[in-house]
Amino acid sequence: MFKDGILKGKRILITGGGTGLGKEIAARYLALGAELWLAGRRGPVLEETAKELMSKHGGSVRAHAVDIRDAAAVDAMVQRIWDESGPLTGLVNNAAGNFISPTKDLTPNGFNAIANIVFHGTFYVTQAVGKRWIDGKHKGSVLSILVTWVHTGSPYVVPSAMSKAGLHVMTKSLAVEWGRYGIRLNAIAPGPFPTEGAAKRLRPEKGTFEDTTQMNPMKRIGKMEELQNLATFLMADGCEWLTGETIGLDGGGYLATGSGAYFAQLDKMSDADWDNARAMIKAQNDKDRAGRTA
């Protein structure tokens with residue numbers, strides 16, 4: 001779909017780049033010639049991903065273990081990139097967290113676990129990169145990975161819906177404020193794509209999104225190359241007048257049913273079902289936490 005080397009000369013930071021959608025986007029960017037930095041909390045996972053991608057595609061991938069909830073640590077990481085390699089040309093805000101829960105059962109810590117990563121952390125990274133672009137008179141492109149719930153809202157994932165909606169508004173707001181500097185901000189709102197982390201936190205009882213296809217106008221879930229292709233288009237040169245947009249990539253799913261309809265199915269879960277779901281989500285979180293300290 002894209003000519004070889006279309007991203008050559010691009011220097012792109014991807015948050016949450018060690019796994020899931022971030023890793024898939026990184027693979028395509030690297031194959032098309034970009035120089036990459038992957039950021040996330042799990043250093044060993046990032047290093048393993050960097051080695052895997054370079055062994056397959058060549059190029060340069062560097063890993064930065066950082067907790068984006070820490071504004072000072074984020075600023076230090078971005079300054080390190082500038083000092084070691086020069087200014088970035090692109091940023092992919094992919095780092096996120098989510099889990100299903102009745103909102104009445106959320107604790108402040110549970111809410112903040114999502115909001116501090118998705119809402120606060122993404123702003124910290126965007127501001128740290130953007131202010132350096134402005135000070136150095138560099139153009140740049142920001143791509144944020146959102147959800148279709150920014151348009152519809154959604155039950156049972158309220159912290160994520162609130163936080164992602166904030167980033168949807170940030171995309172529109174900064175597209176106007178920073179447009180005069182040649183800085184673009186756009187976002188993708190994917191529907192269900194097959195990643196392990198999302199499935200185990202949003203569909204813990206099934207571990208897959210396959211059973212949602214009957215609600216989709218195209219009767220399927222997303223193919224990873226479709227997300228990779230749109231992410232490449234939004235980061236490549238050639239359409240610099242496109243800014244401030246959140247593009248849904250879900251086969252018309254939210255237009256047909258509303259994203260709320262998907263999670264509204266959870267109304268059928270009993271208290272015992274919720275207890276089981278919480279146990280499975282906790283097990284996945286414990287596994288991920290062990291990976292950060294390995």
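In what follows, residues are counted from 1 in the order of the sequence shown.
When the options I68, D67, T15 are evaluated for a side chain to side chain contact (heavy atoms under 4.5 Å, CB included) with V74, the one that passes is I68. With L185 as reference, V142 is the one residue of V142, L91, L143 to meet the side chain to side chain contact (heavy atoms under 4.5 Å, CB included) rule.
Closest non-hydrogen pair, L13 versus M77, comes out as CD2-CE, 3.9 Å. Closest of all the heavy-atom pairs between T243 and I183 is OG1-O, 4.4 Å. Contact detail for L21 and P190: the closest heavy-atom pair is CD1-CG, 4.4 Å. When all heavy atoms of G16 and A95 are compared, the pair lying nearest together is N-CB, 3.8 Å. V66 and A39 get closest at one heavy-atom pair: CG1-CB, 3.9 Å. Considering every non-hydrogen atom in both G18 and T49, the closest pair reads O-OG1, 2.6 Å.
Follow the hydrophobic side-chain contacts under 4.5 Å out from W178 and you reach W82 in the same cluster. Hydrophobic cluster membership is shared by M224 and L36, with clusters built from Ile, Leu, Val, Met, Phe, Trp and Tyr side chains linked at under 4.5 angstrom. Cluster membership for L146 and F123, using ILVMFWY side-chain heavy atoms within less than 4.5 angstrom, is shared. One hydrophobic cluster holds both L7 and F2 under the rule that ILVMFWY side chains link at heavy-atom gaps under 4.5 Å. Put simply, L106 and V157 are part of the same group of oily side chains (I, L, V, M, F, W, Y) that touch within less than 4.5 Å, one to the next.
Formation of a donor-acceptor pair under 3.5 Å by the E240 side chain with backbone atoms of G238 is found in this model. In terms of modelled atom types and a separation under 3.5 Å, the side chain of K139 and the main chain of W133 share no donor-acceptor contact. The backbone N or O of L242 lies less than 3.5 Å from a partner atom in the side chain of N186, making a donor-acceptor pair. Between the side chain of S163 and the backbone N or O of S160 there is no donor-acceptor pair closer than 3.5 Å. A donor-acceptor contact shorter than 3.5 Å is absent between the side chain of R69 and the backbone of H120. Although no hydrogens or angles enter the test, the distance criterion places a donor-acceptor pair under 3.5 Å between the side chain of T89 and the main chain of R11. Although no hydrogens or angles enter the test, the distance criterion places no donor-acceptor pair under 3.5 Å between the side chain of D250 and the main chain of A189. Listed for the Q228 side chain is a donor-acceptor partner under 3.5 Å among the backbone atoms of E24.
Within a 6.0 Å radius of CG in D135, other residues, nucleotides and ligands contribute more than 12 heavy atoms. Within a 6.0 Å radius of CD in Q127, other residues, nucleotides and ligands contribute more than 12 heavy atoms. Heavy-atom contacts from other residues, nucleotides or ligands closer than 6.0 Å to CE of M54 number more than 12. The local environment of NZ in K3 is sparse, with at most 12 non-hydrogen atoms from other residues, nucleotides or ligands closer than 6.0 Å. Heavy-atom contacts from other residues, nucleotides or ligands closer than 6.0 Å to CG of D271 number 12 or fewer.
Classification of K131 and D75 as a salt-bridged pair holds, one side-chain N sitting under 4.0 Å from a carboxylate O. Salt-bridge annotation for E225 and R28: absent, with no side-chain N of the basic residue lying under 4.0 Å from a carboxylate O of the acidic one.
Counting only N and O atoms by type, the side chains of S270 and D273 include a donor and acceptor under 3.5 Å apart.
Classification of the H151-Y254 ring pair by plane angle, with boundaries at 30° and 60°, yields parallel.
Here the CD1 atom belonging to I117 is positioned 4.5 Å from the CZ atom belonging to R41, to the nearest 0.5 angstrom. Expressed to the nearest 0.5 Å, how far CZ of F119 lies from CE of M162 amounts to 8.5 Å. In this structure, CZ in R62 is found 3.5 Å from OG in S85, a value given to the nearest 0.5 Å. Summarising the geometry, atom CE belonging to M235 is positioned 4.0 Å from atom OH belonging to Y29; distances are rounded to the nearest 0.5 Å. Remark: R220 CZ to T213 OG1 distance equals 11.0 Å, nearest 0.5 Å. A distance of 10.0 Å separates CD1 of I12 from CD1 of I25, quoted to the nearest 0.5 Å.
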CA sep, side-chain torsions, deciding dist, call: F233, I247, side-chain contact (heavy atoms from CB on, under 4.5 Å): CA-CA 12 Å; F233 169 75; I247 301 172; 5.7 Å; no

Stepwise side-chain contact (heavy atoms from CB on, under 4.5 Å) test for R80 and H64: CA-CA 10 Å; R80 177 182 166 191; H64 290 271; 3.3 Å; yes

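Using a 4.5 Å cut-off on side-chain heavy atoms (C-beta onward), I114 and F99 make contact. In this structure, T246 and K172 have side chains that are not in contact, with every pair of non-hydrogen atoms separated by 4.5 Å or more. Counting only heavy atoms from C-beta outward, the side chains of H138 and R132 never approach each other to under 4.5 Å.
Residues passing the side chain to side chain contact (heavy atoms under 4.5 Å, CB included) test with A113: none are found, sequence neighbours excluded.
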